[in-house]
Protein chains: 2
Amino acid sequence: MVTINDIAKQAGVAKSTVSRYLNGGAVSEKTKAKLDAIVARNDYTPNKFAQSLKAKRTHMVGAIIPRLNSYATNEALKGLENSLRLSKNQLLITNADQNREREIEAIYTLAKQKVDGIVLFAAEITPEHEKAFEESATPVVIVGQSHPNYHCVIHDDEKAGYSVGAYAVANGHRNILVFGVDEADQAVGITRRKGIEKAFVGKDITYTFVKTSFSMMDAYKLALEVLPETKATFIIGATDNIAIGIMRAAHELQMDIPNRLSLAGFGGYEITEAVHPRITTVHFPFHEAGILAADILLQLIEGKEMPYVEKLDNHLMIRESTQAIK
Amino acid sequence: MVTINDIAKQAGVAKSTVSRYLNGGAVSEKTKAKLDAIVARNDYTPNKFAQSLKAKRTHMVGAIIPRLNSYATNEALKGLENSLRLSKNQLLITNADQNREREIEAIYTLAKQKVDGIVLFAAEITPEHEKAFEESATPVVIVGQSHPNYHCVIHDDEKAGYSVGAYAVANGHRNILVFGVDEADQAVGITRRKGIEKAFVGKDITYTFVKTSFSMMDAYKLALEVLPETKATFIIGATDNIAIGIMRAAHELQMDIPNRLSLAGFGGYEITEAVHPRITTVHFPFHEAGILAADILLQLIEGKEMPYVEKLDNHLMIRESTQAIK
DNA sequence: TTGTATGCGTTATCAG
DNA sequence: CTGATAACGCATACAA
């Protein structure tokens, strides 16, 4: 490995001069030219670890994601990585695989790696999370959930829920079935649901709520039980994945979508456009969420003050899986 | 930040003793007990950078992936990360976003970060790749493509192709349409196709090949053009994504699957089981590929010799999207 | 503008 | 079994 010392020797100067040259300090034109050549010839690059040891700045930021194959986090990750790359930072992705302990562990691991900041794609913020953040003393941005003590990038889940609920009502549906998730997930389990229900207030709607998980397969199985008995004409899945699980069950049960049943989801995943019929859904700006998270984190790392909550907009996309009651 | 020096002072020993204690060297029971307490109390952890500076070993390995939302790479990544975590290594994921330049750039970036090794999920290995690997002098494992100069974990694509081709033939299909991809992707574009075609040799098959990309949308658009005219009774998509694109087009064109058209794909993606009808496909052990890649890389880092090619098996999963000719 | 000296936190060597 | 010391590669205060 070629070090700053090798360069200094070849150039016949002190290594401190080379260091200055590298970091934009005062160097004479002549030595600068000489160093230009020598550095290029050896294609020398400074040792990041030696630098970090001094500078206390690693130019690495960690991301903790709940699982790898989520359209939402993947899109956000893309935005995040891109912004980070432009500002010469490296993204370190850790997959917690839906496991809370691994999520906490990841915070500590990343802190040990001395990342400059952490982006957490969260379902839930527990006291253990807070403790871990406390101890690691690292700037944090949370994506997808809101929390009073941390900087958050969130989606307007209440609006999203309301859009779908109001759309169903406006199209004459009076019996509506919702496949939701546990309240542990604040954004989806509580806020989004609240938005949906708000649309029903004072409207004489028969409304049923059943609880499932984020898994396509679980939604499918539950739908297989629930659908045959339902009188509902409009079904809302709390995510597009859930909607797809429901759709599969409906197909197998020969319940035509949208004639027998309207179906809507949330997310705007690519796959909702590839199935038949295409699924009505709410499009969330996941990519922008990633970019925004990078922005905020970078500012935080610089020591700047930032607003605690950034709420992103979303909009309903009406497609063939839903129709008005005749 | 609490350092080895602080610990040493508190314990009234030399820091070298603490270091030995930390790294399993010879320490008396008494000082060991004392250090146990002090280290715990301060919850001291060694500074990774100072360690890396000495050890020339960062315990980080880099993964370069072509894109984030690929079922295949996500599964492999999961296996990879898990194995790495068990051996106390950190995974650094870099998304090249289908861009060859960014792929090359990533190799250099990771090398600068001094990762101990690199796992490349590749579509194609160009001379630039080779050059980058050469210069970075880092152990490399390539997943999904084979190359004579590097350690590779590959799938038996020829067998996979043959399975599907032979299945179609055995079920009486005589006119077969294949949606393939460019030959730049050796594994899918050449080997897999070769396997398919091998099954047709000497069988009096009318065989048509059309070329598309890996994108679901592209396959859909192409299918919309090609399907109306085709006399084929069996369609093979080179990946499950392509198959899904074809399926959407078939739905829109009111061509019933499987009665009018049998449809098969490759991969075993979860989504093939969630659509209706479920798609016949070849299941590849992506997760195992990741685990195996981690294994090999770790050995390589230790300086051990390893076989250059590991080929993984796969098997056909027959589902409702295909049926025999009546 | 340049060079010298020192420290960052750790591990390894070697003498005690 | 322990401690002093050098070394890893770099940045910087200070002197020249």
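Numbered from 1 within each chain, the chains take letters A, B, ... in sequence-line order.
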For B:Glu124, the option from B:Gln145, B:His147, B:Arg100, B:His129 that meets side-chain hydrogen bond (donor to acceptor under 3.5 Å, both in side chains):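 With B:Glu124 as partner, side-chain hydrogen bond (donor to acceptor under 3.5 Å, both in side chains) holds for just one option, B:Arg100.
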
Residues in contact with DNA chain D, drawn from residues 3-17 of chain A - heavy-atom cutoff 4.0 Å: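 Contacts with DNA chain D under 4.0 Å: A:Thr3, A:Ile4, A:Lys15, A:Ser16.
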
Specify the separation, in whole Å, of atom [atom1] of [X] and atom [atom2] of [N].
X: B:Lys114; N: D:dG9; atom1: NZ; atom2: P; answer: 10 Å
X: A:Asn23; N: D:dA13; atom1: CG; atom2: C1'; answer: 15 Å
X: B:Lys30; N: D:dC1; atom1: NZ; atom2: P; answer: 13 Å
X: A:Leu22; N: D:dG9; atom1: CG; atom2: P; answer: 15 Å
X: B:Lys48; N: C:dG9; atom1: NZ; atom2: P; answer: 16 Å
X: B:Phe49; N: C:dG9; atom1: CZ; atom2: C1'; answer: 12 Å
X: B:Lys54; N: C:dT11; atom1: NZ; atom2: C1'; answer: 5 Å
X: A:Asn47; N: D:dG9; atom1: CG; atom2: P; answer: 7 Å

Looking only at heavy atoms, which two atoms of B:Tyr44 and B:Val2 are closest? And how far apart?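 So the minimum-distance heavy-atom pair works out to CD1-O, 3.3 Å.
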
List the atom of A:Val18, the atom of A:Val13, and the distance in Å for their closest heavy-atom pair.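 Where A:Val18 meets A:Val13 most closely, the heavy atoms are CG2-CG2, 3.9 Å.
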
Distance from [X] atom [atom1] to [Y] atom [atom2], nearest 0.5 Å?
X: A:Lys34; Y: A:Ser28; atom1: NZ; atom2: OG; result: 8.0 Å
X: A:Arg85; Y: B:Asp97; atom1: CZ; atom2: CG; result: 8.5 Å
X: A:Asp116; Y: A:Ile301; atom1: CG; atom2: CD1; result: 5.0 Å

Mind checking [X] for me? I need base, sugar-phosphate or nothing, with any heavy atom below 4.0 Å counting as a touch.
X: B:Ser28; value: sugar-phosphate
X: B:Tyr21; value: nothing
X: B:Thr31; value: sugar-phosphate
X: A:Val27; value: sugar-phosphate

Would you tell me if any nitrogen or oxygen in the side chain of B:Gln51 comes within less than 4.0 Å of OP1 or OP2 on C:dG9?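 Answer is no, no contact under 4.0 Å.
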
Would a 4.5 Å heavy-atom cut-off, applied to side chains only, mark B:Thr94 and B:Leu110 as touching?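 They are in contact (side-chain heavy atoms under 4.5 Å apart), so the answer is yes.
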
